[in-house]
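Dropping a structure here in structure tokens format, bear with me for questions.
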Amino acid sequence: MELVDAGYAYEDGPAVLSGVGLGLAEGRSTALLGRNGSGKTTLLRLLSGGLRPATGRLRLCGEPVTYDRAGLTRLRTTVQLVLQDPDDQLFAASVEQDVSFGPMNLGLDEDEVRARVDESLAAMDIVALRDRPTHLLSYGQRKRAAIAGAVAMRPRVLILDEPTAGLDPHGQERLLEVLGGLGAAGTTVVMATHDVDLALRWADDAAVLTPDGLRTGPARELLADRALLDAARLRMPWGTAVAELLRAHGLLGGGQEGPRTAEELAGWPPGGGVAGRVPAPPRTSSRG
Amino acid sequence: MELVDAGYAYEDGPAVLSGVGLGLAEGRSTALLGRNGSGKTTLLRLLSGGLRPATGRLRLCGEPVTYDRAGLTRLRTTVQLVLQDPDDQLFAASVEQDVSFGPMNLGLDEDEVRARVDESLAAMDIVALRDRPTHLLSYGQRKRAAIAGAVAMRPRVLILDEPTAGLDPHGQERLLEVLGGLGAAGTTVVMATHDVDLALRWADDAAVLTPDGLRTGPARELLADRALLDAARLRMPWGTAVAELLRAHGLLGGGQEGPRTAEELAGWPPGGGVAGRVPAPPRTSSRG
Amino acid sequence: MLPIDVAAHSSRWRRRHPCEKAALGLGLTVTAVCLPPWPGAVLVGAATLAVLLGPAGVAPRRLWRAFRIPLGFCVTGAVPLLFAVGGPDGPVAFAPDGPPEAVRLLLRTSAASLGVLLFAFTTPMSDLLPRLVKAGVPPAVVDVALVMYRISFLLLDAIGNIRQAQAARLGHTTRAAAWRSLAGLGATAFVRAFDRASRLQTGLAGRGYDGTLRVLVPRAPVSRTFLGGVAALLTGIVVLTLVLERFAL
Amino acid sequence: MHIAEGYLPPLHAAAWGVASAPFVVHGARALTREVRANPDSTLLLGASGAFTFVLSALKIPSVTGSCSHPTGTGLGAILFRPPVMAVLGTITLLFQALLLAHGGLTTLGANVFSMAVVGPWAGYGVYRLLRRFDVPLMVAVFFGAFTADLSTYCVTSVQLALAFPDPGSGVPGALAKFGGIFAVTQLPLAVSEGLLTVLVMRLLSRS
């Protein structure tokens, strides 16, 4: 899918987005970065059909999206947006009922709905929570239940707004795992996040919102571009600075990827020798 | 203030905390870390008098806290807890009204209330928002308004539950700045957070909840203790791994502090030479 | 959170069809109300208690906590029966028939309440509400009830937190403060409720929300054996009551 | 104020059910029409109902010092109008019976009649009447909420008196007894509820 030269302005307000273009390649993961108020949420809602671009257009497999009932249904079975607060999406009394809502609205028969519910609960690793009421779930469980509701629509593109916010590190890991699983199954996953370290670690591509517009490209490249990070008022990811340091010391080859997490850095180099270029770091200091 | 050997169990539930001890030294900043469900919120509520320890006790300036009206009033004018969701703390129509709630309840006269409101709004850098209705504020503004409400009680200990969650990097910076200002003015600040990188960067001390109890100590030491991080199911902070790497390469002296942010690492060593021990990193790779 | 709701969701009888539990619990309640309290209510009460603590596996402490509420009302409501006013013995006098009538009322209320508690402790709203459509309740009303249930818990949660935050800022120390706090609580609950609704609307739009909340109704077979057992139990209680009343008492 | 499960004899329970039914059915029809005309109103009505339910779970300090729960029906009727309140009130009472053990199912009809029918209509009537005579909004709100609470309690007293007439003086005597006992708690509570409703409305009209 593709957003071409799109713009949007809320009623009586200035343009939030203008001339924004974004193409999502199938099966790749994209991190959308930008500070609060940069139009991130607007962009997500344009992509998922919740808002209609004022200028420009949204294309799906080359064809422009229409905003009549048939067009929206086609869009919704292709693109699903998961909001930041799971309580904005969970309305039903139990997890199963909530997840079944989308498929029921598609007019599927009961067996098909049941199959989809099973599949989404399994994908989110919450089969055991099926009969639990949504109000007795933990925050992390509610997050996954909300994502399951979107996954049950079998979207080819899944967009998540700040999915890791409020989760503890363990919960974040589990979420990244299930998202990885969806990606491996062919779903294109887009994640809006404030966490540059997470973006660098997880995403193939990055899309960065600055006051001048949207910049897209490989995550590793964009998140090493200091001028861009400054313009977007983002922090520099540790991974970028560490990779530079390692390169400067000959511990990382030009085309190689640096460590993705602090744990990887602590065990660097992985496996003990990549092409003989990486000497084991000498232990001159004994502290720690 | 000090929590001695405290334990707590919710009705019909197992003990959430037992034998927990925590002392807060005046003017120091403490990061409280632990995964969801580890009893972090319970601990915060014990410290702020919202819950009464089932075993053990809470002491304020050496004296045990009593849970009668006078004792609680004394505790609440000393310790203030700011919840994670600012909407749980803002219940008046405008920012000014909300911030004045606490001072009004202290029975202060109108001039004094006004002075306290001015002071707290200034400390949180939201003087311009004084007359705005709370529900029209942005999330970051609401966070600061909620903290202003607590600050207006002039607490000697300010406890914040996940204050940076949901803020973009710029918002996080601004919040850390205002918290730094409070700390400099003598307030003891405690922050519960999932962000180990932030904890390492910001806190003097750390308190880490593991299934075996609470471990406390200097943040730099505790967050370099891998066994402890594993037990608490926390990630390793980048800062710890980077400091180890720098030490291993002789770029950081034994007693020196490592870079606190990726930006600092990218400009490492700061100033170009600390005690002549730190050679400029050789630029062997030209990429980036 | 609400203890009965929590218990219902983890009930041993969770998988049973709500119709079975309604037949048993509400059947017992209706029996208690219709039969003469002595010995009818006593028999119903004993049977209900046995089912509650036995096969239904309800924790005694939780049951007692819930049961105290109707009991409290009933005791207050039974006091007036002990007095007669404006009779020949003066404006207010002791009513000789009062105590036995109060006891009968206590027995009936207790037994009937236990029946409803049996249903409430074993049947969560999530199993009950979507099925009300089949019982003839208009679907729009059921949808509204579903949303009410969900948003109520969000509000209760928020209100709990706000109360804590108010207490921390000494919101309950003086009467003026208490009223300020309470007004803030009520107004915040109102604003929050509608904020929640509008956010849900945005959240559900992507899944095809059009005003109707279609959900999968959990599958559960109705057990004829269970219903047979219920019928036998109720018949037994009725017959025993009538027999005891006529011949033994 | 809820009549507990089993408190009313079967005939009374059934009769009150029959008395409430037309109002609830009428409300349900109005609600269905509303949802059909405006699909978004499902969520808004759910929010209104949730607010009513939660409001009735609040503890309010009574003037006498004890604590009690507001009925919330006055505020609900002023905000959402009585026909819809009949339905929302009935669902609220069902939730209270099954989730809180307040009230009951055989007494649902009687409770619906006092709290979801008479209370809202009386409160709303007084509120409209006062507004028509240009009484200030907050005064009208106070008396609306006060009347809703008080009329609910009056109806409950009548329901109890009819079920348990006094052995000496019949229904009027019983009414005096039940009314007298509950007046101690309910009169101050009605004042409290009126005050609370005014405070809430003031905050709402300001923000």
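Reminder, nothing fancy here: chain letters follow the sequence lines and each chain counts from 1. None of these values were measured; they are calculated from a predicted model.
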Nearest heavy-atom pair of C:Ala177 and B:Asn105: which atoms, and what distance?
CB-OD1, 3.1 Å
Considering residues, nucleotides and ligands other than B:Arg130, do more than 12 of their heavy atoms fall under 6.0 Å from its CZ?
yes
Give me the atom names and distance for the closest heavy-atom approach of B:Phe101 to C:Ser181.
CZ-OG, 3.3 Å
Given the options C:Gly184, C:Ala167, C:Ala165, C:Ala158, which has more heavy-atom pairs under 4.5 Å with chain B than any of the others?
C:Ala167
So C:Arg169 and B:Asp98, do their side chains get closer than 4.5 Å, heavy atoms only?
yes
Which heavy atom in C:Arg192 sits nearest to a heavy atom in B:Asp88, and how many Å separate them?
NH2-OD1, 3.1 Å
Flag the one option from C:Ile159, C:Thr188, C:Leu170 with the top tally of heavy-atom pairs under 4.5 Å to chain B.
C:Leu170
Do you know which two heavy atoms are closest between C:Thr173 and B:Arg69, and how far apart they sit?
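Closest approach of C:Thr173 to B:Arg69, heavy atoms only: O-NH1, 2.6 Å.
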Chain C heavy atoms under 4.5 Å from B:Leu83: which part of the residue, side chain, backbone, both or neither?
side chain
Below 4.5 Å, heavy-atom pairs only: which of B:Ala152, B:Ala92, B:Ala150, B:Gly149 has the largest tally toward chain C?
B:Gly149
Where does C:Ala187 contact chain B at under 4.5 Å (heavy atoms): side chain, backbone, both or neither?
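Nothing of C:Ala187, per the 4.5 Å heavy-atom cut-off to chain B.
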Structural part of B:Leu90 lying under 4.5 Å from a heavy atom of chain C
backbone
Interchain contact, B:Thr73 with chain C, by part (heavy-atom threshold 4.5 Å):
both
Quick check on the interface: out of B:Arg76, B:Arg45, B:Met104, who has the most heavy-atom pairs with chain C under 4.5 Å?
B:Arg76
Below 4.5 Å, heavy-atom pairs only: which of B:Pro103, B:Gly102, B:Gly49 has the largest tally toward chain C?
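Looking at each option in turn, the highest pair count goes to B:Gly102.
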Would you mind checking which part of B:Gln89 comes under 4.5 Å of any heavy atom in chain C, side chain (CB onward), backbone (N, CA, C, O), both or neither?
both
Below 4.5 Å from any heavy atom of chain C, which atoms of B:Met153 appear? Answer side chain, backbone, both or neither.
side chain
Part of B:Thr134 lying under 4.5 Å from any heavy atom of chain C
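No part of it gets close to chain C.
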Quick check: are there more than 12 heavy atoms from other residues, nucleotides or ligands sitting under 6.0 Å from CZ of C:Arg14?
yes
